[in-house]
Participant: 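Below you'll find the structure I mean.
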Protein chains: 2
Amino acid sequence: MNHFGDVVRERRERLRRQDRRYSLRQVAQRIGLEPAYLSKIERSEAAPPSEAATVRLAGELGEDPDVLLALAGKVSRDLQDIIRKRPRLFAELIRQLKDAPDHAVLRVVREVRDGDW
Amino acid sequence: MNHFGDVVRERRERLRRQDRRYSLRQVAQRIGLEPAYLSKIERSEAAPPSEAATVRLAGELGEDPDVLLALAGKVSRDLQDIIRKRPRLFAELIRQLKDAPDHAVLRVVREVRDGDW
DNA sequence: CGGAGTGTGTCCTATGTAGGACACATGAAT
DNA sequence: ATTCATGTGTCCTACATAGGACACACTCCG
């Protein structure tokens, strides 16, 4: 399993090679965290930050927020709220899709998008 | 919005009318919580308990665990783990279904269940 | 009446979450 | 050589989570 801190560090250092504004300190400042704290996060000495901070970090790094949250072991609040409003329905759907291959899930996504409900 | 504590209390007292083993104390003991704590939960003086305790409570009351967890403002860990493994896919699907009517979601559930992927 | 069982008030605690403050050593640039 | 920025080590904190312990007052019922 890819760990949160490693991914963040790699992403940031890759960006940094082209733009020196991606130092740990500057990124930390832009997303509103203390450098020492971000340092600990990148070395997995501290757990991933809050959802809000993780999303800001994703923005800064050009990463998909849902992916970064997933690496942090979380599911974004807005998705949880959608599920919470119709728990039986969504619980069943998601459990059904657990072992479905990607392409099957994608087909469903497309069907729904183009759906005429 | 129906509150967690009220639902639990109502459910329990309904059961109690037919079976006096559904006193607060006895239920608390069966699910492994202190009576004083369960009392606070039912009166919303304390927040809903942990996911594990909530699920045991649901079992005791004959309620759907996902529904009770939803009332507790939570989404069960196992669902979150399914989403976390394919965050982009599931995030897109769930957001698409946000405003879809129940019957549309149900149709998708059925399609997937009978699906030949 | 006297006990058994019931719900609740009060107080306490351990662990986790989400960071901030500050100092320090190193390295890069001028 | 000095300045400046960089990453990091150490220490500290406020709040939330998830309860346990115990005592108390009421009530039901044999």
Side-chain angles (χ1 to χ4, degrees), chain A residues 3-58 60-61 65 68-77 80, chain B residues 3-58 60-61 65 68-77 80:
Chain A
H3 214 308
F4 185 84
D6 302 328
V7 171
V8 170
R9 172 143 296 186
E10 265 173 61
R11 280 276 169 200
R12 187 179 57 74
E13 293 197 330
R14 179 191 315 280
L15 288 168
R16 211 209 166 173
R17 267 165 231 144
Q18 267 132 30
D19 187 339
R20 71 190 192 296
R21 295 173 43 251
Y22 285 89
S23 74
L24 186 151
R25 270 168 188 271
Q26 294 193 38
V27 169
Q29 198 210 325
R30 285 198 294 277
I31 65 176
L33 295 182
E34 285 293 309
Y37 183 38
L38 181 55
S39 169
K40 279 181 268 188
I41 289 167
E42 287 194 352
R43 289 169 296 120
S44 305
E45 201 196 296
S50 68
E51 174 172 340
T54 300
V55 169
R56 293 197 301 276
L57 188 51
E60 193 64 31
L61 301 181
L68 212 53
L69 282 170
L71 288 176
K74 299 175 185 179
V75 169
S76 79
R77 247 304 133 191
Q80 293 195 43
Chain B
H3 214 308
F4 184 84
D6 302 328
V7 171
V8 170
R9 171 143 297 187
E10 266 174 59
R11 280 277 169 200
R12 187 179 57 74
E13 294 196 331
R14 180 192 312 282
L15 289 169
R16 210 206 169 175
R17 269 165 230 143
Q18 268 130 29
D19 187 339
R20 71 190 194 295
R21 293 173 45 248
Y22 284 89
S23 75
L24 186 150
R25 270 167 188 271
Q26 293 194 39
V27 168
Q29 199 210 325
R30 284 199 294 278
I31 66 177
L33 295 182
E34 285 293 308
Y37 182 39
L38 181 55
S39 169
K40 277 180 267 187
I41 289 167
E42 288 194 352
R43 289 170 296 119
S44 303
E45 200 196 295
S50 66
E51 174 173 338
T54 300
V55 169
R56 291 197 303 274
L57 188 51
E60 193 65 30
L61 301 180
L68 211 55
L69 283 169
L71 288 175
K74 299 177 186 179
V75 169
S76 79
R77 249 303 135 190
Q80 293 195 43

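Quick note on labels: first sequence line is chain A, next is B, and so on, each numbered from 1. In what follows, every heavy atom counts, from backbone to side chain, and hydrogens, waters and symmetry copies are set aside.
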Participant: What residue pairs, at least two apart or across chains, pass salt bridge (charged side-chain N to carboxylate O under 4.0 Å, His left out) with a residue in residues 39-54 of chain A?
Facilitator: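 Pairs touching residues 39-54 of chain A that pass the test: A:Arg9-A:Glu42, A:Arg12-A:Glu42, A:Arg43-A:Glu45.
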Participant: For nucleotides 4-23 of chain D, read 5' to 3', which letter fits each nucleotide if B means a protein heavy atom sits under 4.0 Å from the base, S means only the sugar-phosphate is that close, and - means neither?
Facilitator: --BBBBBB------SBBBB-
Participant: Excluding sequence neighbours, so at least two apart, what forms salt bridge (charged side-chain N to carboxylate O under 4.0 Å, His left out) with A:Arg14?
Facilitator: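 Per chain and number, A:Arg14 pairs via salt bridge (charged side-chain N to carboxylate O under 4.0 Å, His left out) with no residue.
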Participant: Please list, chain by chain and in numerical order, all residues satisfying salt bridge (charged side-chain N to carboxylate O under 4.0 Å, His left out) with B:Arg17, sequence neighbours excluded.
Facilitator: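 By the salt bridge (charged side-chain N to carboxylate O under 4.0 Å, His left out) rule, B:Arg17 matches no residue at all.
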Participant: Quick one: salt bridge (charged side-chain N to carboxylate O under 4.0 Å, His left out) partners of B:Arg77, sequence neighbours excluded?
Facilitator: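 With sequence neighbours excluded, B:Arg77 shows a salt bridge (charged side-chain N to carboxylate O under 4.0 Å, His left out) to B:Asp81, given in chain and number order.
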Participant: Taking only residues two or more places apart in sequence, or in another chain, which ones meet B:Arg30 in a salt bridge (charged side-chain N to carboxylate O under 4.0 Å, His left out)?
Facilitator: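 B:Arg30 satisfies salt bridge (charged side-chain N to carboxylate O under 4.0 Å, His left out) with B:Glu60 only.
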